[in-house]
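First up is the structure itself, then whatever we jot down about it.
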Amino acid sequence: MLRALLLENVHPAAVEILRDAGIEVETRSGALDEAELIETLADFQILGIRSKTQVTRHVLESVPGLLAVGTFSIGTNQIDLDAAASRGVAVFNAPFSNTRSVVELAVAEIISLTRRLTVRDKALHDGVWDKTADGSHEVRGRTLGIIGYGNIGSQLSVLAENLGMKVVFYDSAEKLALGNARRVETLDELLQVADAVTIHVDGRAGNAGLFTGDMFARMKPGSIFLNLSRGFVVDLASLREHILSGHLAGAAVDVFPTEPKKRGDHFDSPLRGLDNVILTPHVGGSTLEAQESIGHFVAKKLRDYFLTASTTLSVNLPNLQLEHTGVGRIALLHRNVPGVLAAVNQVFADHGANIEAQMLATRGELGYVVTDISDVTQRGASAKLMAMDTTVRLRIRDAFDRPEFPPGPAAA
Ligand SMILES: NC(=O)c1ccc[n+]([C@@H]2O[C@H](COP(=O)([O-])OP(=O)(O)OC[C@H]3O[C@@H](n4cnc5c(N)ncnc54)[C@H](O)[C@@H]3O)[C@@H](O)[C@H]2O)c1
């Protein structure tokens, strides 16, 4: 029976999905260090973690029976993805399960900053009745400029239009404009018209220092600025200057160039203590709903990897989206070198196997070929496939009445 170890309080929805698929699940609330992880994982084929457990090359080399890791988070920095791929360990994450939460926080902040709620709130907490309309605006009719129109930027576009905002966006890739949103060709064009500028670019290295002093200077006087993407994208010292000079009316920042490691740690930033600046500790995606949605998403990816051999959205293996069929299935992860497919099919031909379906995907140095053949165990081809020097991992599901793929050995 397949066994899954879920650490770090993974959402119970994940436990239920895996158990329903016939997988035995053990849960632990905390993370494990390297030595504990190696010792504990010996009896498990599936590992579920969040952000604290480090799955190093040493762990992967020490646990040959491990077949898949689900990281119940967006990031995958805590896993050595190359080492996992080279040992045929599939890694799945949840790239967009918390995006709605980020969008809702951005909407809340756009309204709060435009209305100067933070200033009114602080004054009243300080015992001052500051009843005034100064600097307060409706968001209706104002223009939102979105930089990065991906999962988050495009959802925000829809909600902002529903609030009566005009939306312009700038994206370095070709993107479909939703609703009445208008694409602009340059960042400058966006900065000239936007009353609120919000950044939702991805974390590629080229985005370091994307938004600097020069850009703040080109924003409209009295506009507001939000960053809920990555900390290294924005120059916070320049943002501080433009808030203090009054050029910008406010800002909301959720992500920082360096962030404290754990809850309760000290935090410092040039933005602390500034008027109409909302600072949040990287909680854009942190809601109970997002946690549940992540639990569902990653558990289903793990389940499908064992039920159908599907690698859809795996972050380190070639991606194949596969359906359930009633016939035997051979899933072969191999080194991506010329001639592998021909050699594999020669093995099948030598054993008189009739291929009913076959799919191949490659990714860098790896190839993944999945072949459907009736009576797969009676054909005896597996030993030959296993012996091929290109084989990384071979998994065989022999019949429909035995739905899961048993853990196949990793090639030496
Ligand atoms: N604050 C949080 O808690 C939280 C939660 C989830 C995601 N995020 C971050 O939000 C960001 C957006 O997430 P997503 O899921 O929408 O990502 P995504 O990959 O779907 O979209 C990013 C978009 O930015 C565009 N882009 C990249 N560089 C650009 C540039 N220099 N100029 C213009 N466009 C550029 C890309 O083409 C893409 O369309 C990511 O950085 C992600 O890490 C933060």
Side-chain angles (χ1 to χ4, degrees), residues 50-51 71-78 92-110 144-160 167-178 181-191 194 197-212 214-215 218-219 225-236 251-263 267 269 271 278-295 297-298 313 315:
R50 287 171 67 187
S51 53
T71 161
F72 290 79
S73 62
I74 316 305
T76 51
N77 293 347
Q78 67 280 45
F92 298 95
N93 68 340
F96 35 68
S97 301
N98 65 0
T99 53
R100 169 70 189 213
S101 300
V102 180
V103 171
E104 289 194 12
L105 181 60
V107 169
E109 292 178 335
I110 290 164
L144 176 64
I146 301 174
I147 302 172
Y149 204 67
N151 295 319
I152 293 173
S154 58
Q155 283 186 71
L156 178 59
S157 166
V158 174
L159 291 198
V167 175
V168 294
F169 71 89
Y170 171 74
D171 198 295
S172 47
E174 212 48 64
K175 293 283 167 174
L176 173 69
L178 301 180
R182 183 168 64 85
R183 180 195 176 92
V184 293
E185 293 308 318
T186 63
L187 252 178
D188 252 358
E189 217 178 314
L190 182 144
L191 300 181
V197 171
T198 184
I199 304 196
H200 300 287
V201 298
D202 54 57
R204 70 185 73 175
N207 282 339
L210 174 71
F211 218 90
T212 56
D214 201 26
M215 307 232 181
R218 280 184 271 155
M219 284 173 65
F225 175 84
L226 288 83
N227 182 24
L228 293 89
S229 64
R230 298 293 179 109
F232 63 74
V233 170
V234 176
D235 176 7
L236 294 186
V253 179
D254 186 47
V255 286
F256 300 88
T258 50
E259 295 181 358
K261 288 241 172 329
K262 55 180 200 307
R263 198 173 176 186
F267 166 77
S269 162
L271 302 178
I278 301 174
L279 301 181
T280 44
H282 205 148
V283 290
S286 304
T287 62
L288 298 180
E289 288 76 10
Q291 288 305 324
E292 182 171 356
S293 164
I294 289 169
F297 190 92
V298 178
L313 292 180
V315 291

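Start at 1 and go down the list; that is how both ligands and their atoms are numbered.
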N/O pairs closer than 3.5 Å, ligand 1 and protein:
residue	atom	partner	partner atom	Å
ligand 1	1 (N)	L228	O	3.1
ligand 1	1 (N)	D254	OD2	2.8
ligand 1	3 (O)	G284	N	3.4
ligand 1	3 (O)	G285	N	3.0
ligand 1	15 (O)	N151	ND2	3.3
ligand 1	16 (O)	N151	N	3.2
ligand 1	16 (O)	I152	N	2.8
ligand 1	20 (O)	N151	N	2.9
ligand 1	20 (O)	N151	ND2	3.1
ligand 1	28 (N)	N207	ND2	3.0
ligand 1	31 (N)	N207	OD1	2.7
ligand 1	34 (N)	S172	N	3.1
ligand 1	34 (N)	S172	OG	3.4
ligand 1	37 (O)	D171	OD1	2.6
ligand 1	39 (O)	D171	OD1	3.4
ligand 1	39 (O)	D171	OD2	2.6
ligand 1	39 (O)	K175	NZ	3.2
ligand 1	41 (O)	V201	O	2.7
ligand 1	41 (O)	R230	NE	3.3
ligand 1	43 (O)	R230	NE	2.8
ligand 1	43 (O)	R230	NH2	3.2

May I ask you to decide if the ring planes of F169 and Y149 are parallel, tilted or perpendicular, using 30° and 60° as cut-offs?
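Parallel.
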Give the C-alpha distance, both sets of side-chain angles, the deciding distance and a yes or no for ring-ring contact (aromatic ring centres under 6.0 Å, His included) between F211 and F225.
CA-CA 11 Å; F211 218 90; F225 175 84; 4.9 Å; yes
Distance, nearest 0.5 Å, that separates OG of S286 from CD of E289:
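That separation rounds to 12.0 Å.
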Rounded to the nearest 0.5 Å, how far apart are CG of L178 and CZ of R183?
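Answer rounded to 0.5 Å: 12.5 Å.
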Kindly check if the number of other-residue, nucleotide or ligand heavy atoms within 6.0 Å of CZ (R218) is above 12?
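For R218, atom CZ is crowded (more than 12 foreign heavy atoms under 6.0 Å).
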For F96 together with F297, are the ring centres under 6.0 Å from each other?
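Between F96 and F297, which both carry aromatic rings, the centre distance is below 6.0 Å.
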